[in-house]
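Comments concern the structure below.
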Amino acid sequence: MELEDESYDFVVVANRLPVDSVTEADGTKGWKLSPGGLVTALEPVMRSADGAWIGWPGAADTHVDPFEHDGITMVPVSLDQTEVERYYEGFSNDTLWPLYHDVIAQPSYHREWWDSYVSVNRRFADRAASLASHGAIVWVHDYQLQLVPGMLREKRPDLTIGFFNHIPFPAYGLYSQLPWRRQILTGLLGADVIGFQRTADAGNFARAVRRLFGYETRGSSIRVPLEDGAERRSRHSRTVVARAFPISIDSASFADLAARPDVVERARQIREDLGNPKTILFGVDRLDYTKGIRHRLKAYAELLQDGRLDASETTLIQVASPSRERVAAYMELRDEIEMTVGRINGDYGSIGSAPVHYLHHGYPREEMVALYLASDVMLVTALRDGMNLVAKEYVASRIDGDGVLILSEFAGASDDLRQALLINPHDIQGVKEAIVTAVEMEPRDRKRRMRALRRKVIENDVAKWSATFLEELRRASHAGTAADTP
Ligand code: G6P
């Protein structure tokens, strides 16, 4: 039987497939599992529950048949060039992304982008509807696919549908700008459980539902009237659960890498290559305006200028991995960051030493862990971030119990990681003070904080996150069935 004709008890729907295409030395093409946390968490569930993953392979106009990879059925959805421009770069990343991140960049509202978003969401929903077995669980992910739960419920009311929003959900004052604000809420409310990173995000969502639809919300429950039942008696409504499920990482795998002799040796080598500076500061982000890279560079440059940091004994490594390079706001950001880095190195560098080591690349996980181990201070200065997994990766990798995390209170990770040095990235003076505090922190204090942080990240890993979500989803689906029975 073709993979296409099979049906699956557990279906994940995400904009991207969890694999990257690779070309072997002999020219043959294949796939490699991408090093994301989500697939690690879902792999065991996918294998034991006969799972399929529906997603875009990441390039325009690629038509690939469903295939098996590491025991998971991958179901590619293709997008043509116009859809990449309108649905992905346009509506997802130039409308929703800036709007949901508190309008740090100006969102663009274009009706043809919206039309494309609707038709691509329909394609994903149709694919899921045809692959899911009777009563299957379908788990939809992120802002690119917010209409899928509603579309899916219409076609397949037998399914249990979960949705997880990996990015923030904005306050109503911002969300209400969206010309299609009602349609998006209707799409999301097709799910049985809607997961958010923070309690505040779930609260913003519930408020939008109350303001736009007047539905009753109590705690994390939202009562959604069924179409044929204007009265809101229990049998004429379904209950949707909307609450926080803070995502995490595969903590043990970072700790394991950090214990590997070659990774430890690589960390030593990185320090040596940089001339064994007294202090290494480290930032790693997708090159995105939400990450506060400019604020971080400004604070650092001022500390060099003030003489509170000495360029001859301090290095900032900034890894900025290329992202969404055809979206104008990202191109402008890149120019601005690279100009600023050039200026700092020009003003404070000397022969053989640059105060900023800027790298516009992505790196494999081994190299990332070596960089985490090599750095004394980790800078996470996001202006708005759903969670920020880098903060958790840094903590999970510091099995030596050393290192200081500076963490923005606007990143979801700050809800849990209270023992970091918490900062408001807009307050440049506050960021400067935190950097000096981190650089001068006594080893005892560093260890005490890191021990507490590690406990959090080890206890709450991504496997626990997915298990908690799926447990809630099963519970909600049973409760929903009971309430709907007259
Ligand atoms: C964020 C989003 C993901 C997205 C990732 C990379 O983490 O929540 O949905 O996949 O950024 O962005 P990209 O546009 O390259 O998929």
Side-chain angles (χ1 to χ4, degrees), residues 12-21 33-42 53-60 62 76-77 79 83-102 104-105 107 113 116-117 120-121 124 139-148 163-170 188 194-198 201 245-249 284-293 319-331 333-334 360-363 368 380 382-393 410-413 462 465:
V12 171
V13 190
N15 180 52
R16 286 184 184 272
L17 283 177
V19 285
D20 299 313
S21 91
L33 215 58
S34 21
L38 192 55
V39 68
T40 328
L42 297 180
W53 188 305
I54 301 175
W56 173 49
T62 28
V77 170
L79 301 180
E83 287 166 340
V84 171
E85 282 161 23
R86 294 182 179 180
Y87 150 78
Y88 170 69
E89 290 163 352
F91 199 80
S92 296
N93 290 319
D94 206 9
T95 303
L96 293 173
W97 182 268
L99 178 67
Y100 281 32
H101 288 87
D102 288 358
I104 296 165
W113 290 3
S116 182
Y117 185 79
V120 172
N121 269 249
F124 277 86
W139 192 358
V140 185
H141 289 266
D142 231 354
Y143 62 103
Q144 304 94 340
L145 299 173
Q146 293 173 98
L147 303 177
V148 170
F163 180 90
F164 187 76
N165 193 52
H166 292 251
I167 70 172
F169 194 88
L188 291 170
I194 309 173
F196 295 93
Q197 299 283 24
R198 308 179 87 163
D201 298 317
F245 298 85
I247 202 169
S248 191
I249 56 163
V284 51
D285 314 83
R286 269 186 316 100
L287 187 45
D288 194 297
Y289 49 79
T290 58
K291 303 291 183 183
I293 304 173
V319 172
S321 49
S323 184
R324 306 173 191 166
E325 291 184 279
R326 286 155 39 94
V327 178
Y330 290 76
M331 295 181 202
L333 176 76
R334 182 172 177 195
H360 185 240
H361 309 290
Y363 288 99
M368 289 308 310
V380 176
L383 305 176
R384 180 55 81 194
D385 209 332
M387 178 53 63
N388 196 290
L389 295 180
V390 161
K392 295 192 173 180
E393 289 176 11
F410 299 109
V462 71
W465 167 80

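Side chains are part of it too, since the values below use all heavy atoms of this structure and drop only hydrogens, waters and symmetry mates. Counting convention: from 1, in listed order, for ligands and their atoms alike.
- Closest heavy-atom contact between D288 and Y330: OD2-OH, 2.7 Å.
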So what's ligand 1 close to, N/O to N/O, under 3.5 Å?
{"unit_1": "ligand 1", "atom_1": "8 (O)", "unit_2": "D142", "atom_2": "OD2", "d": "2.6"}
{"unit_1": "ligand 1", "atom_1": "9 (O)", "unit_2": "D142", "atom_2": "OD2", "d": "2.6"}
{"unit_1": "ligand 1", "atom_1": "9 (O)", "unit_2": "Q144", "atom_2": "NE2", "d": "3.2"}
{"unit_1": "ligand 1", "atom_1": "11 (O)", "unit_2": "R324", "atom_2": "NH2", "d": "3.2"}
{"unit_1": "ligand 1", "atom_1": "12 (O)", "unit_2": "R324", "atom_2": "NH2", "d": "2.9"}
{"unit_1": "ligand 1", "atom_1": "14 (O)", "unit_2": "Y88", "atom_2": "OH", "d": "2.5"}
{"unit_1": "ligand 1", "atom_1": "14 (O)", "unit_2": "R324", "atom_2": "NE", "d": "2.9"}
{"unit_1": "ligand 1", "atom_1": "14 (O)", "unit_2": "R324", "atom_2": "NH2", "d": "3.3"}
{"unit_1": "ligand 1", "atom_1": "15 (O)", "unit_2": "R16", "atom_2": "NH2", "d": "3.0"}
{"unit_1": "ligand 1", "atom_1": "15 (O)", "unit_2": "Y88", "atom_2": "OH", "d": "3.4"}
{"unit_1": "ligand 1", "atom_1": "16 (O)", "unit_2": "R16", "atom_2": "NE", "d": "2.6"}

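- Partners of S323 according to the side-chain hydrogen bond (donor to acceptor under 3.5 Å, both in side chains) rule, which considers only residues two or more places apart in sequence or in another chain, are R286.
- Judged purely by atom type and a 3.5 angstrom limit, N388 uses its side chain to pair as donor or acceptor with the backbone of V390.
- For the ring pair (Phe, Tyr, Trp, His ring centres under 6.0 Å) with Y100, the lone residue among F169, F91, F196 that qualifies is F169.
- Between the side chain of D285 and the main chain of L287, no donor-acceptor pair closer than 3.5 Å is present.
- Each of N93, N121, N15 was evaluated against Y87; a single residue qualifies, N15, per the side chain to side chain donor-acceptor pair (under 3.5 Å) test.
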